[in-house]
Each structure stands twice: as C-alpha cells, then as structure tokens.
Amino acid sequence: SLSYACFLSLLLKIGQVDEAIPLAMKAIMKGSIDANCGNILIDSLAKRNRLDLSCKIFQRMRRGPCKPNLIAYNILINYLGEARRVIQACNIFHLMKRDGLKPDVTSHLSLINILRKNGKVSLAHEYFKELKLLVGKPSAVAYACLIDSYGRAGKEIQALKIYDEMKENEVHPDVVVYSTLFRILGQARNAIAANRLLGEMRYKKCEPDLQTYNQMIDCFGRNGWIQKAFDIFGEMRRNGTCPDTVTYSILINSLGSKGEALKAFELFKEMVSEGFHPNVITYNSMIKALARANFYEQAFQLYEQMPIHECQPDAITFSILLDMCTDHCDAKRSARLFNDLKAADVTPD
RNA sequence: CCGGGCUUAGUAUGGGAA
C-alpha cells in the first residue's frame with residue numbers, strides 16, 4: 001500500500017495527474033490504499049490546486065473498504081478553508097460526525113480559524129463552545145483565535161470579554177494572545193486598556209517576542225504615545241531582542257503621524273547605518289511622513305533613492321506622491337510620475 | 001508501551017467609500 005502511494009505521489013509530482021487518478025480510484029476500491037496513503041494523496045492533490053480531485057478521492061474512500069481517517073477530514077477542512085469554501089468546510093466537519101468520527105482539537109481549531117478569516121464571528125464562537133465541551137479548557141491558541149475573530153469584526157469589548165473568560169478559566173495567555181490584544185486595542189485607540197494589559201503581561205513575567213514588541217510599539221505609537229513606544233523600543237534592545245525593518249517602519253509611522261518628519265528621518269538614517277534594509281513599506285511610511293510635514297522636495301529625493309535598497313515603488317508610493325503633486329499643483333511632476341507608474345509593474349487598485 | 005509523520009493562532013505604509 002505504501003509503495004502504491006509513493007508511485008501515485010510520484011505520478012502527481014511529475015504532473016501525470018490524469019494517469020494517477022484512475023489508478024488511484026481502482027486501488028481504493030480494491031482496498032490497496034490505506035487511510036495514511038489516502039491522506040498523502042488527498043494532501044498532494046490539494047497542494048497542486050486540485051482540491052476537486054482531493055474531494056473525489058475522499059468520497060471514493062468513504063465508499064470503499066478502507067475508510068478515510070480523521071486526518072483526511074482535517075486536511076480537507078483546511079484546504080477548503082484556504083479556497084474560501086467556508087460552507088463546504090463546515091459540511092465536512094459535520095460529515096465527520098455522521099461518519100462516526102469525533103472531530104478533535106485540530107478539526108475545531110481549523111474550522112474556527114476559517115470562520116475567523118471569513119468574518120463569521122458568531123459561528124466561530126459556536127464552534128469554540130463545542131471545543132470547550134470537548135476539552136474543558138481550550139488552549140491559549142483557541143482563545144487567541146476567538147479573540148482575533150472578535151477583533152477583526154471590530155468588536156473590541158467582546159474580544160476583551162473572551163480574554164477575561166480565559167483568565168477565569170485559568171488558561172495562561174501567551175505572546176500571541178497578548179499581541180492580538182495589543183493590535184485590537186491599538187486599532188480601537190484604547191491606549192489606556194493597552195497600558196493596563198502591558199502591566200498584566202509584565203506581572204505575569206511573559207517575555208514578549210519580536211512580533212509582540214512590534215505590536216506593542218505600534219499600539220502606543222499610533223495613538224500618539226510616542227514616549228511609551230520608544231521606551232518599549234529601548235527595553236526590547238536591552239532584553240536582547242533585535243528590532244527588524246517592521247519595528248523601524250512602525251516607529252517612523254508613529255513619528256510621521258505626529259508631524260515629526262525630521263525625527264522620523266533621523267531614525268530612517270539610523271536604521272540604514274545599523275545595517276537594516278528598508279523595504280517599500282518603510283519608504284512609503286517615510287515619504288508619507290515627509291509629505292505630511294510639507295517636505296516636498298525631500299519626499300521626492302527619497303523616492304528617487306529607492307533603487308539603492310532595491311525597492312520598487314508600488315501603488316501606494318505613487319498614490320502618496322501623486323496626492324502631493326496635486327496639493328502643490330505640480331503638473332510636470334505628476335506627468336513624470338504617471339510615466340514611472342506605467343513603466344513600473346504596479347498592480348493598480 | 002514508546003516514538004515519529006500529515007492538518008490549527010498574532011505584526012507595519014496611501015487615498016477613496018460606507
């Protein structure tokens with residue numbers, strides 16, 4: 001059976017899908033393909049964007065002598081989710097029960113995650129409750145998922161409620177939970193709650209990772225609490241967490257939104273001199289900061305020097321610069337930008 | 001009995017619209 005699967009995977013690998021499928025179908029009916037091999041087939045077909053065939057294999061196995069196992073269902077749920085086929089993913093979940101299998105933690109998390117990404121908060125919460133019945137104490141991962149669902153739906157209060165419930169249940173928040181909450185609070189402009197959260201995190205002696213540091217800095221920075229943002233920036237380096245391009249972009253944005261274009265530019269130079277590579281987003285942020293503070297020429301200089309760091313201007317770069325030209329009634333530069341825009345391989349939006 | 005494999009969570013930039 002294993003060699004069967006290897007042979008079939010090989011056919012798939014070299015693109016002989018049309019040869020492999022009929023062989024696979026016959027082998028399944030003969031019972032020559034066990035559950036594990038079926039999983040390999042289902043997975044590799046889905047990876048090759050042949051989800052339809054994965055489903056066919058799966059259905060054939062359900063009727064054949066060797067039934068698919070729980071992992072097969074989980075794989076399908078996952079790929080259906082990636083294809084944004086939310087309803088079908090839910091159907092597979094229920095099919096699992098009808099076929100006498102018990103959805104496990106992964107099945108639940110996978111489905112909750114799909115619903116989260118597709119904005120179905122209340123459904124996500126339903127399945128979360130089901131998960132709770134299954135395991136009693138959902139993991140921090142599950143809580144993070146649900147909190148993020150509410151966050152993406154703009155339901156800050158509900159997200160915080162879930163966080164409270166999590167603490168009542170004595171599930172220890174991890175860095176992902178904290179960083180998710182910092183993002184939600186940052187977007188909700190709730191720096192007070194964020195500060196409280198920071199206190200809790202320190203009290204629990206939770207060591208932030210790079211991404212969490214970035215999220216915290218962004219949270220305070222975007223709400224005008226620049227000092228706090230830089231304090232955390234300093235703390236992070238003292239703790240031996242090396243900032244990255246994202247960290248600097250965040251700080252540049254924070255300063256830019258406060259009109260501190262010169263300080264932002266100092267930081268930009270500092271990051272380059274320390275060997276960090278600005279990317280398009282860093283450049284866009286810096287250009288926007290200059291634009292906001294009316295440093296017209298400097299903004300264009302920065303645009304011109306983007307190739308130094310192998311950065312291609314994108315739709316956002318052009319949009320910032322064109323807006324600026326409009327404000328300055330600079331038709332010549334507008335025209336030149338339009339030429340650059342056409343020459344550049346930009347996906348317009 | 002032990003071990004292993006496949007499936008699950010969080011970061012930065014513009015304008016417009018609601």
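So that the names make sense, note that chain A is the first sequence line, chain B the second, and so on, each numbered from 1.
- The existence of a salt bridge linking A:R202 and A:E207 is excluded, since no basic side-chain nitrogen approaches an acidic carboxylate oxygen closer than 4.0 Å.
- Summarising the geometry, the separation between OH on A:Y303 and P on B:U13 is reported as 22 Å, rounded to the nearest angstrom.
- A cation-pi geometry, defined here as NZ or CZ lying under 6.0 Å from the six-membered ring centre and within 45° of its normal, does not hold between A:K155 and A:Y150.
- For A:R333 and A:Y296, the positive end sits near the middle of the six-membered ring, less than 6.0 Å away and at most 45° from its axis.
- Taking a cutoff of 4.0 Å between a charged side-chain nitrogen and a carboxylate oxygen, A:K56 and A:D52 do not qualify as a salt bridge.
- Whole-Å rounding puts the A:H125 NE2 to B:A9 C1' distance at 16 Å.
- On a pure distance criterion of 3.5 Å, a polar donor-acceptor pair joins the side chain of A:N279 and the base of B:A12.
- The nearest whole Å value for the distance from the CG atom in A:L210 to the C1' atom in B:A12 is 12 Å.
- Counting only N and O atoms by type, the side chains of A:N284 and A:T317 include a donor and acceptor under 3.5 Å apart.
- Counting non-hydrogen atoms under 4.0 angstrom, A:Q215 reaches the backbone sugars and phosphates but no base.
- Evaluation of atom-type donor-acceptor distances gives no pair under 3.5 Å for the side chain of A:N78 against the base of B:U7.
- A:N113 contributes no side-chain N or O that forms a donor-acceptor pair with the base of B:U8 under 3.5 Å.
- Residue pairs meeting the ring pair (Phe, Tyr, Trp, His ring centres under 6.0 Å) criterion with at least one partner in residues 163-211 of chain A, sequence neighbours excluded, are absent.
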For nucleotides 16-18 of chain B, list the nitrogen or oxygen atoms of the protein found under 3.5 Å from its nitrogen or oxygen atoms, one pair per line.
none

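- Distances were taken from every side-chain heavy atom of A:A144 (C-beta onward) to each of B:U11, B:U13, B:A9; the shortest belongs to B:A9.
- Among the heavy atoms of the strands lying under 4.0 Å from A:N253 are primed sugar atoms or P, OP1, OP2 only; no base atom is included.
- Here the CG atom belonging to A:N78 is positioned 10.0 Å from the OG1 atom belonging to A:T106, to the nearest 0.5 angstrom.
- Checked by distance alone, A:T212 brings a side-chain donor or acceptor within 3.5 Å of a matching partner on the base of B:G10.
- Within 3.5 Å, a donor on the side chain of A:S319 pairs with an acceptor on the base of B:G14, or the reverse.
- What separates CD of A:Q312 from P of B:U13 is a distance of 21 Å, to the nearest Å.
- Defined by atom type and a distance below 3.5 Å, a donor-acceptor pair is missing between the side-chain atoms of A:S285 and A:S249.
- For residues 161-185 of chain A, proximity to RNA chain B is found at A:D174, A:V175, A:V176, A:S179, A:T180, A:R183, defined as any non-hydrogen atom under 4.0 angstrom from a strand atom.
- Look at CG on A:N36: it is 13 Å from P on B:U7, rounded to the nearest Å.
- For A:N39 and B:G5, a side-chain-to-base donor-acceptor distance below 3.5 Å is absent, hydrogens and geometry of angles not being considered.
- A salt bridge is defined here as a Lys NZ or Arg NE, NH1 or NH2 lying under 4.0 Å from an Asp or Glu carboxylate O, and A:D164 with A:K167 meets this definition.
- Nucleic acid contact class of A:D209 (heavy atoms, under 4.0 Å, all strands): base.
- Between the P atom of B:U8 and the CD atom of A:E82 lies a distance of 8 Å, rounded to the nearest Å.
- Residue A:I92 holds its CD1 atom at 13.0 Å from CD1 of A:I87, rounded to the nearest 0.5 Å.
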